[in-house]
Amino acid sequence: MTIQVGDRIPQAQLVKVTENGPEQVDTESFFAGRKVALFSVPGAFTPTCSAKHLPGFVEKADELKAKGIDEIACTAVNDAFVMSAWGKASNVDGKVTMLADGNGAFAKAAGLEMDGSGFGLGTRGKRYSMVVNDGVVEQLHVEAPGQFEVSSADYLLDRL
């Protein structure tokens with residue numbers, strides 16, 4: 001079942017690369033006590049994700065934070081090293097935390113997985129954005145397949 005507004009974020013382990021190497025990120029701890037804008041892309045380095053989705057959140061980071069967002073995070077069903085390399089290539093410069101969902105456990109637990117096998121991608125996470133306040137989903141904007149409208153930084157910013 002797909003996560004809904006008012007639901008708690010599911011328990012899962014994500015991974016981010018730090019200067020000390022890969023670090024486990026427990027979703028319960030990550031979202032506790034703060035407001036996080038989380039967005040998901042079907043894959044790092046893919047066209048829409050690289051040209052529009054991630055750059056939009058990097059560009060609008062200060063505006064999102066001015067409206068009460070404590071942290072902006074991007075997740076994808078990619079490994080932590082790919083997410084880190086994509087973040088560097090996209091100049092996230094500490095504006096967006098890159099969280100790897102390498103096995104798709106978080107996407108599955110949230111009911112937001114998709115079948116990308118027709119494109120050689122296997123099971124991935126859907127494209128979406130959400131606002132999570134102290135572990136509870138306040139907003140959720142899931143894209144229709146092949147679309148990029150309701151998960152953008154601008155769309156989310158307009159709703160804060």
Side-chain angles (χ1 to χ4, degrees), residues 1-58 70-90 92 94-148 150-153 156:
M1 187 167 123
T2 302
I3 195 167
Q4 301 290 318
V5 170
D7 290 350
R8 290 203 67 74
I9 206 80
Q11 173 65 37
Q13 294 294 315
L14 301 169
V15 181
K16 68 178 178 178
V17 173
T18 69
E19 58 189 36
N20 298 321
E23 178 182 297
Q24 294 288 316
V25 176
D26 175 72
T27 55
E28 188 173 314
S29 299
F30 185 80
F31 292 101
R34 61 202 188 127
K35 190 177 272 194
V36 178
L38 175 69
F39 68 101
S40 171
V41 298
F45 292 107
T46 57
T48 301
C49 306
S50 292
K52 297 178 183 176
H53 210 170
L54 178 57
F57 278 92
V58 171
D70 297 308
E71 184 157 0
I72 302 164
C74 175
T75 188
V77 179
N78 287 111
D79 68 70
F81 300 105
V82 167
M83 291 297 286
S84 177
W86 187 40
K88 288 176 186 169
S90 302
V92 298
K95 293 182 178 185
V96 176
T97 301
M98 306 302 281
L99 298 174
D101 185 17
N103 295 321
F106 179 75
K108 185 175 183 173
L112 292 167
E113 73 272 24
M114 62 167 239
D115 181 3
S117 59
F119 302 101
L121 299 173
T123 301
R124 295 292 180 116
K126 290 182 179 181
R127 183 183 306 282
Y128 65 82
S129 68
M130 67 170 72
V131 174
V132 182
N133 191 356
D134 194 22
V136 176
V137 178
E138 278 189 350
Q139 293 186 38
L140 176 61
H141 311 287
V142 181
E143 295 288 357
Q147 298 296 304
F148 178 66
V150 301
S151 65
S152 72
L156 193 63

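Throughout, numbering of the chain's residues begins at 1 and tracks the sequence. These numbers come from the heavy atoms of this one structure, side chains and all, not from hydrogens, waters or symmetry mates.
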Problem set entry | Check: Asn103 side chain, Ala105 main-chain N or O, donor-acceptor pair, under 3.5 Å | no
For this session: Would you check if the side chain of Asp70 reaches a backbone N or O of Val36 as a donor-acceptor pair within less than 3.5 Å?
Result: no
Are [X] and [Y] packed together at the side-chain level, in the sense that at least one heavy-atom pair is separated by less than 4.5 angstrom?
{"X": "Leu54", "Y": "Met98", "answer": "yes"}
{"X": "Pro42", "Y": "Met114", "answer": "yes"}
{"X": "Phe30", "Y": "Leu99", "answer": "yes"}
{"X": "Leu14", "Y": "Lys16", "answer": "no"}
{"X": "Arg8", "Y": "Phe31", "answer": "no"}
{"X": "Val17", "Y": "Glu23", "answer": "no"}
{"X": "Pro55", "Y": "Ser90", "answer": "no"}
{"X": "Leu112", "Y": "Met130", "answer": "yes"}

Measure the [atom1]-[atom2] distance between [X] and [Y] for me, rounded to the nearest 0.5 Å.
{"X": "Arg124", "Y": "Asp101", "atom1": "CZ", "atom2": "CG", "answer": "10.5 Å"}
{"X": "Glu138", "Y": "Asp7", "atom1": "CD", "atom2": "CG", "answer": "13.0 Å"}
{"X": "Thr97", "Y": "Ile72", "atom1": "OG1", "atom2": "CD1", "answer": "8.5 Å"}
{"X": "Met83", "Y": "Lys88", "atom1": "CE", "atom2": "NZ", "answer": "13.0 Å"}
{"X": "Leu140", "Y": "Leu156", "atom1": "CG", "atom2": "CG", "answer": "10.5 Å"}
{"X": "Ile9", "Y": "Asn133", "atom1": "CD1", "atom2": "CG", "answer": "11.5 Å"}

Problem set entry | Test log, rule side-chain contact (heavy atoms from CB on, under 4.5 Å), inputs Trp86 and Cys74 | CA-CA 11 Å; Trp86 187 40; Cys74 175; 3.9 Å; yes
Distance-minimising heavy-atom pair for [X] and [Y]:
{"X": "Val96", "Y": "Val92", "value": "O-CG2, 3.7 Å"}
{"X": "Ala76", "Y": "Ala44", "value": "CB-N, 4.5 Å"}
{"X": "Val41", "Y": "Cys49", "value": "CB-SG, 3.4 Å"}
{"X": "Pro10", "Y": "Ala109", "value": "CB-CB, 3.6 Å"}
{"X": "Phe57", "Y": "Ser129", "value": "CZ-CB, 4.3 Å"}

For this session: Mind running side-chain contact (heavy atoms from CB on, under 4.5 Å) on Gln24 and Val15 for me, showing each step along the way?
Result: CA-CA 5 Å; Gln24 294 288 316; Val15 181; 3.6 Å; yes
For this session: Carefully, step by step, assess Leu38 and Phe106 under the rule side-chain contact (heavy atoms from CB on, under 4.5 Å).
Result: CA-CA 12 Å; Leu38 175 69; Phe106 179 75; 3.9 Å; yes
Exercise. What orientation do Phe39 and His53 show, parallel under 30°, tilted 30 to 60°, or perpendicular over 60°?
Worked result: tilted
For this session: Start with the C-alpha distance between Thr75 and Tyr128, add both sets of side-chain angles, then the distance that settles side-chain contact (heavy atoms from CB on, under 4.5 Å), and finish with yes or no.
Result: CA-CA 10 Å; Thr75 188; Tyr128 65 82; 3.9 Å; yes
Exercise. Distance only, no hydrogens: is a donor on one side chain within 3.5 Å (strictly under) of an acceptor on the other, for Glu143 and Ser151?
Worked result: yes
For this session: Give a yes or no on whether Asp26 atom CG has more than 12 heavy-atom contacts from other residues, nucleotides or ligands under 6.0 Å away.
Result: yes
For this session: Please say whether more than 12 non-hydrogen atoms of neighbouring residues, nucleotides or ligands are located less than 6.0 Å from CD in Gln11.
Result: yes
